[in-house]
Amino acid sequence: MFFRNALFLSMMPLTLCFDQKEKWIEQDCPCQGQFNELWNITSHNILTSNSNNRELNQLKEMLDEKETLIKWLNATTHRLTARLSALEKPMWLDLYFEGFSYSYLGKIKRQPIIKKNNQKIASARGRGYNIVTFDGQSGSTDGNVTHFDPYAKSDPECSRMLTFVNGLQEGTIVAILSSDEPTRSSTLCIKAIEILGGKKPSMYNARDAFAFVGYKGKSRPYWVQQERKADGPEGYVVIDTRIPLKPN
């Protein structure tokens, strides 16, 4: 019983360290001095008493139990830290972006913008489709706008857009902003939008405003949506949505 009580007393600082959510690192633990003092006293008392083989074996068992407990505390702390880190990841991606028709673009005299979590990250680069992608697990983005202009060269530009979409990683969130004139599109541009969950018809008339948020994957999430509005002084559309992320 003496040895078990001594073990319990010498392990108390370990428990304190764990309760304080400190990873067990000997040189950093604020309880280490107290632990060493208690352990030295305990082992000294055992060794200076009328020690026999039985007592020495008990001391060895205590030392083994100490090492086992330290390993368990380290492993448990590591698991809890990883779990807390996962919980701290952003669980939602808030997106706001615009699509401008030809006439509205001439009226407002600026390109459509896109915001992530209420912070502007990019503007459309020019006429046609402007695409920004986001990681479906973290919501991160490099903010780059990939631009396609079907009005200038319909088939080559739409072929390039389809190749771009096919090359996206599974789980990618995709925002498409239109500017000026995106409607002179070959079937390849339409196919690219449909791969991301777009519905027919994705475009109607020349110079319409268009905006779309889609997903590269086998499923079509509920938040996939597209907006269109006819050309005119008020020919603009907005998508303002909250997208759930899927962290590892």
Side-chain angles (χ1 to χ4, degrees), residues 92-134 139 141-166 168 172-216 220-243:
W92 299 94
L93 172 64
D94 291 325
L95 286 183
Y96 170 96
F97 58 98
E98 306 163 322
F100 292 171
S101 71
Y102 170 81
S103 297
Y104 187 77
L105 183 66
K107 171 187 172 181
I108 199 170
K109 300 187 185 307
R110 70 166 175 84
Q111 289 289 342
I113 65 169
I114 181 167
K115 295 180 180 180
K116 172 192 171 184
N117 299 334
N118 208 35
Q119 298 292 321
K120 177 183 173 182
I121 58 172
S123 297
R125 286 174 52 192
R127 179 180 60 193
Y129 295 109
N130 296 267
I131 299 180
V132 181
T133 61
F134 301 84
T141 179
D142 57 13
N144 289 334
V145 178
T146 306
H147 177 233
F148 305 94
D149 184 6
Y151 184 88
K153 298 178 180 179
S154 180
D155 287 341
E157 283 294 278
C158 286
S159 177
R160 192 167 67 88
M161 180 171 166
L162 180 59
T163 300
F164 173 80
V165 168
N166 283 331
L168 293 175
T172 300
I173 298 166
V174 183
I176 300 180
L177 305 71
S178 77
S179 177
D180 190 342
E181 169 57 280
T183 59
R184 289 192 180 182
S185 306
S186 75
T187 56
L188 297 179
C189 275
I190 304 303
K191 184 176 180 180
I193 294 172
E194 290 175 355
I195 288 173
L196 301 172
K199 293 182 178 180
K200 294 181 180 180
S202 60
M203 297 303 299
Y204 290 80
N205 303 310
R207 298 177 174 177
D208 285 354
F210 177 73
F212 170 77
V213 58
Y215 179 75
K216 178 67 180 297
R220 187 182 188 276
Y222 71 89
W223 45 262
V224 171
Q225 58 186 292
Q226 61 196 55
E227 300 290 340
R228 183 206 67 87
K229 195 169 185 179
D231 182 36
E234 299 303 319
Y236 72 94
V237 290
V238 168
I239 287 182
D240 190 356
T241 188
R242 168 167 281 192
I243 298 172

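Everything numeric in this text was worked out from a predicted model, so none of it was measured.
Scanning all heavy atoms of the two residues, the minimum distance from Asp180 to Leu105 falls at CB-CD2, 3.8 Å. Considering every non-hydrogen atom in both Phe210 and Ile193, the closest pair reads CE2-CD1, 4.0 Å. Across all non-hydrogen atoms, the minimal contact from Gln226 to Gly198 is OE1-CA, 3.3 Å. The two residues Met161 and Tyr129 come nearest to each other via the heavy atoms SD-CD1, 3.7 Å. Of all the heavy atoms in Gly128 and Pro150, the pair that sits closest is CA-CD, 4.1 Å. Shown here for Asp231 and Tyr102, the closest heavy-atom pair between the two residues is OD1-N, 3.4 Å.
Within the model, atoms CG of Asn205 and CZ of Arg228 stand 6.5 Å from one another, a figure rounded to the nearest 0.5 Å. Taken from CG in Asn118 to CG in Asp240, the straight-line distance is 9.0 Å, to the nearest 0.5 Å. Residue Thr172 holds its OG1 atom at 8.0 Å from OH of Tyr215, rounded to the nearest 0.5 Å. The line from CD1 of Ile176 to CD1 of Ile114 is 10.5 Å long, rounded to the nearest 0.5 Å. With values rounded to the nearest 0.5 angstrom, Asp208 atom CG is found 11.5 Å from Lys229 atom NZ. For the atom pair CG of Asn117 and CG of Leu95, the computed distance is 7.5 Å after rounding to the nearest 0.5 Å.
A donor-acceptor contact shorter than 3.5 Å links the side chain of Lys116 to the backbone of Gly139. Of the possible polar contacts, one joining the Arg125 side chain to the Val145 backbone as a donor-acceptor pair under 3.5 Å is found. Formation of a donor-acceptor pair under 3.5 Å by the Tyr236 side chain with backbone atoms of Ala209 is not found in this model. Judged purely by atom type and a 3.5 angstrom limit, Thr163 uses its side chain to pair as donor or acceptor with the backbone of Ser159. A donor-acceptor pair is defined here as one N or O able to donate and one able to accept, closer than 3.5 Å; such a pair exists between the side chain of Thr141 and the backbone of Thr133.
At least one side-chain heavy atom of Leu196 sits less than 4.5 Å from a side-chain heavy atom of Lys216. The shortest distance between side-chain heavy atoms of Val238 and Glu227 does not fall below 4.5 Å. Asp155 has its side chain out of reach of Leu188: every pair of non-hydrogen atoms, C-beta onward, lies at least 4.5 Å apart. A heavy-atom distance below 4.5 Å is not found between the side chains of Asn130 and Pro112.
Relative ring orientation between Tyr104 and Phe100 is described as perpendicular, the plane-to-plane angle rising above 60° on a 0-90° scale split at 30° and 60°.
Under a 4.0 Å N-O distance rule, the pair Arg160/Glu157 qualifies as a salt bridge.
The 12-atom threshold is not exceeded at OH of Tyr151, counting heavy atoms of other residues, nucleotides or ligands nearer than 6.0 Å. Annotation for Asp142: atom CG counts as buried by contact number, over 12 foreign heavy atoms lying within 6.0 Å.
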